[in-house]
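Scroll down for the structure; my scribbles are underneath it.
Reminder, nothing fancy here: chain letters follow the sequence lines and each chain counts from 1.
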There are 2 protein chains.
Amino acid sequence: MIMDISDLKLLSLLQQNAKTSIQEMAAHISASTASVQRRLKSLRESGVIKKEAAILDQKKLGFGITAIVSVELERDRLDQINAFKQKAKQDGQVTNFYCIAGDADFVMIVVAKDIADYEKFTHRFFFADKNVRKFRTSIVVSTEKATLDLPL
Amino acid sequence: MIMDISDLKLLSLLQQNAKTSIQEMAAHISASTASVQRRLKSLRESGVIKKEAAILDQKKLGFGITAIVSVELERDRLDQINAFKQKAKQDGQVTNFYCIAGDADFVMIVVAKDIADYEKFTHRFFFADKNVRKFRTSIVVSTEKATLDLPL
DNA sequence: GTTGAAAGGTTATTACG
DNA sequence: CGTAATAACCTTTCAAC
């Protein structure tokens with residue numbers, strides 16, 4: 001996939017607002033709407049744009065707690081690692097999941113309604129799982145999310 | 001803000017695809033397009049929908065490295081903490097930033113083109129900052145991002 | 001005040017030069 | 001690649017509840 005500055009500009013615009021109109025984008029890169037359309041098509045098909053999604057406010061949805069949890073598994077066996085990954089991926093309270101180089105280590109971002117609800121999560125997700133050797137929780141106080149800077 | 005099951009369904013749809021048409025949403029909740037429109041309006045105005053954005057593929061944009069970095073500051077002075085937060089928020093390579101309860105501790109998700117580029121980032125961001133007492137880097141091997149499960 | 005059906009306007013898409 | 005025609009969509013109005 002070959003990309004030029006115009007493509008990057010489109011990505012930057014869409015990253016800030018997925019509802020930016022094609023006309024507006026066309027104006028930004030001084031091109032026709034058809035050109036923008038074709039660019040978007042290939043950006044989507046090539047997977048550079050993974051998805052266009054609504055970002056929701058967790059607090060306003062009743063998830064007052066965010067936690068960063070680092071997890072260590074009992075053994076570094078691939079099937080166990082994959083099983084754990086799968087479990088995390090499917091869980092509605094796990095919003096992000098990172099697999100760390102080196103050991104059987106993971107970092108996950110978990111949301112919960114309150115502390116009691118987080119407790120319940122740990123029982124369900126960690127204590128009930130024989131593969132989990134240990135886990136360490138850090139409660140998040142505030143979050144800032146930046147957007148990816150593109151080399152325009 | 002009062003929300004019912006239909007609102008949650010709309011959020012769930014938009015979380016998966018921000019380009020879902022109003023007609024399609026109306027079909028899902030068995031309502032008119034005008035009703036969906038009114039619901040979306042208040043969901044946006046109340047901030048439950050924070051933004052609608054394109055999610056980009058970092059690897060395909062040339063950012064091959066993702067790192068989780070935990071950072072400890074020299075002192076817990078509020079102005080220093082805020083200055084650091086601000087710096088992180090504005091930095092194009094810092095995609096996520098979490099402020100941890102307790103001490104002057106942070107966790108950030110950082111992207112870089114390659115290891116050398118990450119080195120440069122650490123020099124710029126950590127070594128050049130007298131407030132940073134220490135930082136610890138974990139390189140991310142794989143990432144899974146789940147969506148928030150809504151109680152439908 | 002809230003709702004849904006339908007009209008009217010805007011935007012996205014496709015076909016063609 | 002851009003223009004223009006087509007199609008899809010969004011928005012507003014308005015009447016009924």
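- In this pair, A/F97 and A/F84 present their aromatic rings tilted. The plane angle is within the 30 to 60° band.
- Checked for salt-bridge contact, A/D57 and B/K50 miss the test: no charged N lies under 4.0 Å from a carboxylate O.
- The number of heavy-atom neighbours closer than 6.0 Å to NZ of A/K120, taken from other residues, nucleotides and ligands shown, is 12 or below.
- Within a heavy-atom distance below 4.0 Å of DNA chain C, the residues of residues 3-21 of chain A found are A/S21.
- Using modelled atom types, no side-chain atom of A/K85 and backbone atom of A/C99 make a donor-acceptor pair closer than 3.5 Å.
- Both A/Q23 and A/A34 lie close to DNA chain C; mapped to their nearest nucleotides by heavy-atom distance, the more 5′-ward contact belongs to A/Q23.
- Rounded to a whole Å, the NZ atom of A/K41 is 14 Å from the P atom of D/dC1.
- Rounding to whole angstrom units, CD1 of residue B/I29 and P of C/dG4 are separated by 9 Å.
- Hydrophobic clustering (ILVMFWY, side-chain heavy atoms < 4.5 Å, transitive): B/M3 and B/I49 are in one cluster.
- What separates CD1 of B/I22 from P of D/dT12 is a distance of 11 Å, to the nearest Å.
- Using cut-offs of 30° and 60° on the angle between ring planes, the pair B/F125 and B/F121 is parallel.
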When Watson-Crick pairs (N1 to N3 and N6-O4 or O6-N4) and G-U wobble pairs (N1-O2 and O6-N3) count only below 3.5 Å on both distances, what is the dot-bracket string of DNA chain C, with | for other-strand pairs?
-> |||||||.|||||||||
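- One N or O on the side chain of A/D7 and one on the backbone of A/D4 form a donor-acceptor pair closer than 3.5 Å.
- Phosphate proximity of C/dA12 to A/Q37: absent, as no side-chain N or O sits under 4.0 Å from OP1 or OP2.
- Distance, B/R39 CZ to C/dT3 C1': 11 Å, rounded to whole Å.
- A donor-acceptor pair is defined here as one N or O able to donate and one able to accept, closer than 3.5 Å; no such pair exists between the side chain of B/E52 and the backbone of A/A53.
- When the nucleotides D/dG2, C/dT13, D/dT11 are ranked by their closest atom to the side chain of A/T33, C/dT13 comes out on top.
- Between B/R38 atom CZ and D/dT13 atom P there is a gap of 12 Å when expressed in whole angstrom units.
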Stepwise side-chain hydrogen bond (donor to acceptor under 3.5 Å, both in side chains) check, B/Y118 with B/T137 | CA-CA 10 Å; B/Y118 181 71; B/T137 299; 2.6 Å; yes
